[in-house]
Amino acid sequence: MAQMQWWCWKRLLCAILLLSLLLWCLLLLAGDRQEKWSAAGRFLPALRGQLVAQPRIGVVRGVDFASLFAGPHAAPRCAHGQVLLILVTSAPVNVEARHVIRRTWAAQEGRPTNRWQTVFLVGQAAEAEVAQDVQRERQEFGDILVGNYKDTYRNLTLKVMHGLKWASEQCQPCYILKTDDDCFVNTDRLPAFLAELNTVRTGLYVGSLFPREKRQVIREPSSKWYVSRQDYRPDEYPPYASGIGYILSLDAAEKILEAACCVRPIPVEDAYMGILAEEAGIRAKASARFAKHNARWRICNYRYLMVIHHLSPREQEAAWRSTLQARSACHDSLEVTRWK
Ligand SMILES: *[C@@H]1O[C@H](CO)[C@@H](O)[C@H](O)[C@H]1NC(C)=O
């Protein structure tokens, strides 16, 4: 009988031991989990930041290209594989600037065709009347790419992204020049220079670069160039070419567009291009061929300069006359074949 009791006790003890082992294991597991949760708690601010930055399904973090293309406006025609496509940012009301460009450096009459083309980038005008005028002008000249974004200064980045995307998908020129409607483009030299003399055929991103002290991000909310820390964290932009004019080879443009899917756009168009170029591993190249307008340019300077900034419509006409004069007047001067 005593022996039987002892056997019972042994079983009970065993059971208790097993139970406590089980309980201990459970507690241990629970503790582990708790620790993980508190760790998550500690990192929650960072995690939360990531969650905010991450796109929801179907929402684009970078440039939303599809939204820029929506709308009924027919795009200009472009021949495939031209040497150069010139994209000119222009406000809806700048009719005169566009007309002067059509009459001067964008005119194709009497020149080798199908090698280069000029297209104006225009957004949605706030006033219905202006928007109608743009539609009429687009139908008449066939050289305006109307995008589905409000045409404001702070939307310039979207304008350029829309133009680049269209150019690289629909036209695929060897090179794309982005410029403004108050700039002169030396179409007498540039297409030939690109086709015959330029040696940097891939990865090209060239223009007038800003010195380091002019690459500070402007945090003053009242400024035209204000960019918040949420939109761009560093205090300095990477090297970038001024928006007055820069040239991209097609492969560079394609890589830059790829990067744009995932980099939040900022309203400073040319700085954004620099950010995307850096992201795509493309180095900005400096060239003195992109310059500010200067009344003292001599005729033969027009053999070298490719983009001149800040011209009135009258100055556009004078610059174009000088370019044509330079054809014969500077025939003997040595051709500069580099970008510098
Ligand atoms: C840019 O364009 C979009 C689309 O039209 C518009 O919703 C937005 O308000 C514009 N942004 C600015 C700053 O003008």
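Remember, it's a predicted structure, so these values are computed and weren't measured experimentally. Counting convention: from 1, in listed order, for ligands and their atoms alike.
- For ligand 1 and Lys150, the ligand atoms under 4.0 Å from any heavy atom of the residue are 2 (O), 4 (C), 5 (O), 9 (O).
- Where the criterion is an N or O separation shorter than 3.5 Å, residue side chain and backbone included, Tyr149 fails it with respect to ligand 1.
- Note: no N/O pair closer than 3.5 Å links Asn148 and ligand 1 by distance alone.
- For Tyr153, the side chain to side chain contact (heavy atoms under 4.5 Å, CB included) criterion is met by Leu156, Lys224, Trp225, not counting sequence neighbours.
- Remark: the Gln135 side chain and the Arg138 side chain contain an N/O donor-acceptor pair separated by less than 3.5 Å.
- Atoms of ligand 1 lying under 4.0 Å from at least one heavy atom of Thr152, given by number and element, are 12 (C), 14 (O).
- Put simply, Ile244 and Tyr304 are part of two different groups of oily side chains (I, L, V, M, F, W, Y) that touch within less than 4.5 Å, one to the next.
- Atoms of ligand 1 lying under 4.0 Å from at least one heavy atom of Asn155, given by number and element, are 1 (C), 2 (O), 3 (C), 8 (C), 10 (C), 11 (N), 12 (C), 14 (O).
- A salt bridge is absent between Asp270 and Lys178: the closest approach of a Lys/Arg side-chain nitrogen to an acidic carboxylate oxygen does not fall below 4.0 angstrom.
- The residues Arg103 and Glu317 are annotated as salt-bridged, a charged nitrogen and a carboxylate oxygen being separated by less than 4.0 angstrom.
- Heavy-atom proximity to Arg154, at under 4.0 Å, picks out these atoms of ligand 1: 13 (C).
- The presence of a protein heavy atom under 4.0 Å from atom 7 (O) of ligand 1 is ruled out.
- Inspection of the Gln325 and Ser322 side chains reveals no N or O donor paired with an N or O acceptor under 3.5 Å.
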